K.L.:
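Here's a structure for you.
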Amino acid sequence: MRRALSRQLQDVADDQAGVLSGRQLLAAGLHRGVIRSAVDSGHWRRLHPGVFQIHAGPTSDTGRLWVALLAIGPPAALSHRTAGRLWGLGHERPAHEIVDLSEAVDVLVPHARHVGAPAGVRLHRRRDITAILAAVGSPPRTTVEVTVIDLAAAARSIGEVVAVASVVCQQRRTTPARLLRELRRRDRHAHRQFLEALLCDVAAGAETPLEIGFLRRVERAHGLPRGRRQHRMPTTGGLMVVDVFYEDSRTIAELDGRIGHEAPFRDEERDNFAAVRGGTTLRYGWVAVFERPCRVAGQLGGVLLDRGWAGPIRPCGPGCPAPGVGRRAA
């Protein structure tokens, strides 16, 4: 039956992992009787009403993605977790090795389209179809920027938001500025305020949003002493700047809001210097401060208490899980 296909249609089939829609076959000049005969003889397989595989072998993972798109029809694009896998977000392996269809295939369609979701497909609808029209790749999927912002919106925790943003920054798939532009195009986003602060922090190298979160969620909420911000400490080689310094307790809190940065020598020098001076360095990032502030407060407060702070560590609210709540210096 391969001979019955024109060279042009065969090229399309090759690009679509051997999967074609009835619309594509009819537009290429094949009669319905030819299509029916190919299926009845076992040369082709009908994978979904109006969707055919032009060989009798097993359907590949990529072929299943094409089945989802062709069953729905244009305009549509793979999105969310499916698009993230195709982009290889969070993976070092090639995209074709990480496609996992153990869960539903995510497909984005216009809000106004009245189409049901085929088996194994999870539909997402959007009034602004710009993201669909801008889809790229084969099979077509939302751009990296659209995919990241979609995944961040669907995240169930701040930690997931940080993970999504950190992946693309570490892998250099896009830039914070592009992600911010996509975020600001959205009328609604579940984590807009946090994600915008995070991306601005990454873009500008500033750590102010993280420092504010540390002040409010960790120190102030749990009654810890307020440390000195951006404190300059003299060293043998000049001045060293630390994020938060508790002078009486000789304790440093480093707030690392820059995702994917690498400054091992700077960190090593700072930690070693603090140790020589009899101090302690604790390090916290976005996830710790915004998702586990009580745990941070308990850990930091415990160090401060052991080093002379009078205490106590206060609960931030009913049921606060901060370790050592109520504890005072011995």
Side-chain angles (χ1 to χ4, degrees), residues 81 90 148 151-167 169-170 189-202 206-231 242-261 267 270-271 274-275 278-330:
R81 292 173 65 89
V148 170
L151 289 173
R156 291 168 293 183
S157 67
I158 292 298
E160 287 187 21
V161 177
V162 175
V164 169
S166 65
V167 164
C169 292
Q170 290 168 352
H189 194 281
H191 303 288
R192 178 186 299 278
Q193 185 175 2
F194 176 80
L195 183 57
E196 188 167 31
L198 174 62
L199 292 174
C200 286
D201 182 73
V202 176
E207 295 170 349
T208 301
L210 182 56
E211 289 175 357
I212 292 174
F214 185 82
L215 169 65
R216 295 176 179 176
R217 290 169 169 259
V218 177
E219 288 182 341
R220 188 180 296 166
H222 295 89
L224 303 184
R226 180 170 180 176
R228 295 185 181 181
R229 264 57 182 177
Q230 299 301 309
H231 179 67
V242 299
D243 293 327
V244 186
F245 180 55
Y246 302 91
E247 186 172 10
D248 293 341
S249 307
R250 302 184 308 282
T251 301
I252 295 170
E254 281 296 293
L255 306 178
D256 195 351
R258 288 163 297 172
I259 295 175
H261 84 296
D267 295 342
R270 180 177 297 163
D271 293 352
T280 298
T281 300
L282 302 175
R283 298 186 179 279
Y284 302 110
W286 282 93
V287 174
V289 170
F290 283 89
E291 198 163 286
R292 298 190 288 269
C294 297
R295 187 183 303 177
V296 172
Q299 184 181 71
L300 174 60
V303 172
L304 297 179
L305 286 168
D306 291 342
R307 289 175 168 268
W309 174 54
I313 304 173
R314 291 202 311 259
C316 62
C320 172
V325 163
R327 178 187 164 195
R328 295 178 180 273

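Everything numeric in this text was worked out from a predicted model, so none of it was measured.
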K.L.:
Could you tell me the separation between the CD1 atom of Ile252 and the OH atom of Tyr246, rounded to the nearest 0.5 Å?
P.N.:
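That separation rounds to 11.5 Å.
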K.L.:
Determine whether Leu282 and Glu254 make a side-chain contact, defined as any pair of heavy atoms from C-beta on separated by less than 4.5 Å.
P.N.:
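The answer is no; the side chains never approach within 4.5 Å.
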K.L.:
What's the verdict on side chain to side chain contact (heavy atoms under 4.5 Å, CB included) for Trp286 and Val161, showing C-alpha distance, side-chain angles and the deciding distance?
P.N.:
CA-CA 10 Å; Trp286 282 93; Val161 177; over 6 Å; no
K.L.:
Search all heavy atoms of Arg228 against all heavy atoms of His231 and return the closest pair with its distance.
P.N.:
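Taking Arg228 first and His231 second, the nearest heavy atoms are NH1-CE1, 3.5 Å.
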K.L.:
Mind running side chain to side chain contact (heavy atoms under 4.5 Å, CB included) on Arg314 and Val325 for me, showing each step along the way?
P.N.:
CA-CA 6 Å; Arg314 291 202 311 259; Val325 163; over 6 Å; no
K.L.:
Is Arg283 salt-bridged to Asp243, going by a charged N under 4.0 Å from an acidic O?
P.N.:
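Answer for the salt bridge query: no.
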K.L.:
If you measure from CG on Leu151 to CZ on Arg81, what distance do you get to the nearest 0.5 Å?
P.N.:
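So the CG of Leu151 and the CZ of Arg81 are separated by 8.0 Å.
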K.L.:
Where the side chain of His222 meets the backbone of Ala322, is there a donor-acceptor pair that is under 3.5 Å apart?
P.N.:
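No; zero donor-acceptor contacts below 3.5 Å.
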K.L.:
Side-chain donor-acceptor pairs under 3.5 Å in residues 287-303, sequence neighbours left out?
P.N.:
from, atom 1, to, atom 2, distance (Å)
Glu291, OE1, Ser157, OG, 3.4
Glu291, OE1, Ile158, N, 3.2
Glu291, OE1, Gly159, N, 2.3
Gln299, OE1, Tyr284, OH, 2.5

K.L.:
Report the distance from atom CG of Leu255 to atom CZ of Arg229, rounding to the nearest 0.5 Å.
P.N.:
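If I round to the nearest 0.5 Å, the distance is 7.5 Å.
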K.L.:
Could you state the interatomic distance from CD1 (Ile313) to CZ (Arg327), rounded to the nearest 0.5 Å?
P.N.:
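That separation rounds to 6.5 Å.
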K.L.:
Mind checking side-chain contact (heavy atoms from CB on, under 4.5 Å) for Pro312 and listing every partner two or more places apart, or none if nothing turns up?
P.N.:
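Residues passing side-chain contact (heavy atoms from CB on, under 4.5 Å) with Pro312: Arg328.
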K.L.:
Using the salt bridge (Lys or Arg N to Asp or Glu O under 4.0 Å) criterion, which residues pair with Asp248? Sequence neighbours excluded.
P.N.:
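Not a single residue meets the salt bridge (Lys or Arg N to Asp or Glu O under 4.0 Å) criterion with Asp248.
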